[in-house]
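Notes for the one structure printed next.
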Amino acid sequence: MTNNIEIAKIFSDIADILEIKSENQFRIRAYRRAAQNIEGLTEDVADITNREELLRIPGIGKDLAEKIAEFIDTGKIRFFEKLKREVPKVSLELITIPGIGPKTAKILIKQLKIKSIRELEKRAKAHKLATLPGIRRKTEENILRGIQIINKGRERMPLGVALPLAEEIISHLTKTPGTKQIAACGSLRRQKETIRDIDILVTSRNPKKVMDAFVKLPLIREVLAHGSTKSSAIVKESTQVDIRVVKPRSFGAALMYFTGSKEHNIHIRELAAKKGFKINEYGIFNAKTHKRLGGNTEEQIYKILGLGFVPPELREDAGEIETAKKDKLPKLIGLNDIRGDLHVHTKASDGSNSIDELAEAAMKKGYEYIVISDHSKTLRVAGGLQERELLNQIKAIKKINKRFRGFRILAGTEVDIINDGSLDFDDKILAQLDIVIAAIHTGFKQSKEKLTMRIVKAMQNKYVNIVSHLTGRLIGAREPYPLNLEEIFRAAKETNTALEISAYPQRLDLNDTNSKKARESGIMFSLGTDLHAIEHFENMRYGVSVARRGWLEKKDILNTYPAAQLLRKIKKN
DNA sequence: GCCGTTTTCGGCCCGACTGTTTTCAGTCG
């Protein structure tokens with residue numbers, strides 16, 4: 001998929017350069033949209049090129065399709081090479097500084113001959129910027145602050161980190177007099193796997209008062225902007241919080257505006273305009289008479305546009321609006337639909353708890369079953385079980401199960417897929433288990449073909465029911481290894497093998513786009529926390545978030561079925 | 001540069017905050 005990443009980067013750079021050249025803003029937007037859509041593909045764009053299906057990618061027309069094909073052919077795009085020569089290289093760096101856009105960058109380069117961010121910092125500190133047109137003391141300070149933010153590295157944080165932080169801020173705001181509703185919006189509400197800024201919406205009859213209270217909250221380090229209805233600040237180390245206040249009647253419209261995504265909003269507003277409406281964060285209006293037609297709730301706005309409610313997790317302008325027009329949106333799975341956890345480790349391998357403890361905790365959660373799935377013998381570092389140990393575990397599980405009514409421990413394994421695609425346990429052993437999960441834990445550096453072969457071969461084993469954490473990625477730590485996903489999804493369908501969505505916060509693997517793609521192949525999914533300690537049961541919510549972003553319904557997911565039905569569904573021929 | 005149940009040409013979301021300005025451009029989300 002390096003093609004996809006490289007092309008996306010080139011298109012995004014082209015957009016930046018065109019911006020510096022003050023080109024047509026819609027042309028710039030076209031490049032940005034194309035970049036984003038290519039980055040989101042689950043298939044190598046080279047394969048799509050070979051099938052001559054580039055034009056089916058949204059935002060790709062004749063011109064961009066040719067540029068993609070040129071890159072696949074030659075590894076270069078001449079147009080980009082030419083553009084690069086037309087603007088100073090540093091201009092692309094300068095516009096990454098918050099507060100500096102194309103116009104300011106141009107002035108800095110032209111008048112001060114700035115060659116690097118470091119040099120800009122030096123000049124700003126020496127107050128050499130304040131003589132430039134449109135720049136005075138304050139702007140100089142802002143630029144320095146922007147450079148500091150860059151140096152600190154405002155990285156995206158995992159959803160599991162952002163959520164508690166947002167909840168903390170919200171709890172402070174709840175105590176602020178005059179606030180009515182408070183909601184986390186943005187990518188947090190869309191449940192993206194990583195979050196950059198935290199967006200919070202508040203309704204109040206006295207917005208200014210709320211804003212004044214916000215900027216004085218104790219956990220705020222620095223105020224970036226402080227207006228009467230909108231403010232921004234840095235909290236904790238370096239997390240930016242954007243807050244917006246509207247009157248209570250505008251809650252729905254503001255929620256929609258602030259939840260985004262930006263692309264979804266643009267598409268929705270375009271649609272509204274075509275139908276003679278206007279949408280902003282205050283409501284939906286008749287474009288001619290300016291009469292307000294609604295906006296108290298999001299449902300109201302979608303309804304006026306002739307659409308059903310689009311769940312926040314789907315709002316990425318990835319086909320959800322077209323699907324809503326046809327009234328074909330999926331009824332997304334919810335956390336309450338989950339009847340059990342399909343991936344649980346005990347202290348027999350690298351977990352921390354006994355089978356009894358885990359069963360008890362699962363029952364307390366209202367689960368009907370769990371799958372005990374310890375590692376297999378080859379995975380020594382994780383205390384993989386020998387055959388004899390596994391057979392004893394199966395016996396122990398049978399014994400414990402006799403104590404339960406309405407709850408069942410399913411005997412399973414997370415068996416290693418060995419280098420040649422064979423499994424770490426013989427069929428004779430696997431046949432005695434209720435459920436078999438297969439996974440790769442070694443050989444990440446192998447070729448795409450080899451890794452794909454290993455997985456497909458494992459799927460062809462008649463005892464393998466689930467393949468877990470398919471791509472091996474660890475968020476922020478390890479890239480996914482290369483796989484031919486099309487081939488794997490096809491094999492999963494043919495062999496009736498489910499793919500796991502790992503709810504383990506660092507994995508979330510399959511991710512959202514892969515899940516969505518896999519769903520189109522008609523395969524089944526399993527949700528498992530890959531639990532190593534009892535408290536990890538709570539991570540299931542993150543798995544459900546991925547599934548929702550992948551458009552999955554209750555029926556697509558194995559552990560929404562009662563145990564007996566689940567076991568029937570995973571049977572192979 | 002893309003795109004089409006009003007279009008193959010003429011559109012392309014909408015508004016807040018800041019700083020430097022005397023009425024608005026630049027930036028951001």
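What you see below is based on every heavy atom in this structure, not just the backbone, and it leaves out hydrogens, waters and symmetry mates. A, B, ... follow the sequence lines: proteins, then strands. Residue 1 opens every chain.
What separates NZ of A:Lys247 from P of B:dA16 is a distance of 12 Å, to the nearest Å. We find that CZ of A:Arg27 is positioned 3 Å from P of B:dG1, with the value rounded to whole Å. For the pair A:Arg145 CZ and B:dC28 C1', the interatomic distance rounds to 14 Å; values are reported in whole Å. Summarising the geometry, the separation between CZ on A:Arg137 and C1' on B:dT20 is reported as 15 Å, rounded to the nearest angstrom. Summarising the geometry, the separation between CG on A:Asp212 and P on B:dC17 is reported as 12 Å, rounded to the nearest angstrom. As a whole-Å value, the separation of A:Ile100 CD1 from B:dG26 P is 14 Å. Straight-line distance from the CD1 atom of A:Ile243 to the P atom of B:dG29: 16 Å, rounded to whole Å. Rounded to a whole Å, the NZ atom of A:Lys262 is 14 Å from the P atom of B:dT27.
Closest to the side chain of A:Arg33, out of B:dG29, B:dC17, B:dC2, is B:dC2. Side chain of A:Pro102, nearest nucleotide from B:dT27, B:dA16, B:dT18: B:dT27. Out of B:dA16, B:dC2, B:dG19, the shortest distance to the side chain of A:Ala30 is found at B:dC2. Comparing B:dT27, B:dC12, B:dC2 against the side chain of A:Arg29 picks out B:dC12 as the nearest. Residue A:Asp197 has its side chain nearest to B:dG29 when only B:dG15, B:dG29, B:dC17 are considered. Among the nucleotides B:dT20, B:dG15, B:dC13, the one closest to the side chain of A:Lys138 is B:dT20. Nearest nucleotide to the A:Lys103 side chain, out of B:dT18, B:dG15, B:dT27: B:dT27. When distances are taken from the side chain of A:Glu270 to each of B:dA16, B:dT7, B:dC13, the shortest belongs to B:dC13. Comparing B:dT7, B:dC13, B:dC2 against the side chain of A:Leu64 picks out B:dC2 as the nearest. Closest contact between the side chain of A:Gln240 and the listed nucleotides B:dC12, B:dT18, B:dG29 involves B:dG29.
The aromatic rings of A:Tyr302 and A:Phe309 lie perpendicular to each other, with more than 60° between the two planes, well past the 30° mark.
For the C1' atom pair drawn from B:dA25 and B:dT21, the interatomic distance equals 9 Å after rounding to whole Å. Comparing B:dT5 with B:dG1, their C1' atoms sit 24 Å apart, to the nearest whole Å. Taking the C1' atoms as reference points, B:dG19 lies 30 Å from B:dC12, given to the whole Å. Straight-line distance between the P atoms of B:dT20 and B:dG15: roughly 26 Å, to the nearest whole Å. Atom name C1', nucleotides B:dT6 and B:dG10: the rounded distance is 14 Å, in whole Å. B:dC28 and B:dC13 have their C1' atoms separated by 14 Å, with the value rounded to a whole Å.
When the shell of 6.0 Å around CZ of A:Arg249 is examined, it contains 12 or fewer heavy atoms from other residues, nucleotides or ligands.
The phosphate of B:dG1 has OP1 or OP2 within less than 4.0 Å of a side-chain N or O from A:Lys67. Here A:Thr139 does not reach the OP1 or OP2 of B:dT18: none of its side-chain N or O atoms lies under 4.0 Å away. Checking the phosphate oxygens (OP1, OP2) of B:dT18, no side-chain nitrogen or oxygen of A:Arg136 falls inside 4.0 Å. For the OP1/OP2 pair of B:dG29 and a distance below 4.0 Å, the side-chain nitrogens and oxygens of A:Asn265 include no atom meeting the criterion.
Salt-bridge annotation for A:Glu81 and A:Lys84: present, with a side-chain N of the basic residue lying under 4.0 Å from a carboxylate O of the acidic one. Salt bridge present: A:Lys82 and A:Glu86 bring a charged side-chain N and a carboxylate O closer than 4.0 Å.
No hydrogens or angles considered: a donor-acceptor pair under 3.5 Å links the side chains of A:Arg156 and A:Thr194.
Applying the Watson-Crick and G-U wobble criteria (two distances, each under 3.5 Å), B:dC28 pairs with B:dG15.
Note: A:Asn539 CG to A:Gln506 CD = 11.5 Å, rounded to the nearest 0.5 Å.
When every heavy atom of A:Leu55 is checked against every heavy atom of A:Ala65, the shortest pair comes out as CD2-CB, 4.0 Å.
Interface remark: the A:Asp199 side chain does not form any donor-acceptor pair with the B:dG29 base, using a distance-only criterion of under 3.5 Å.
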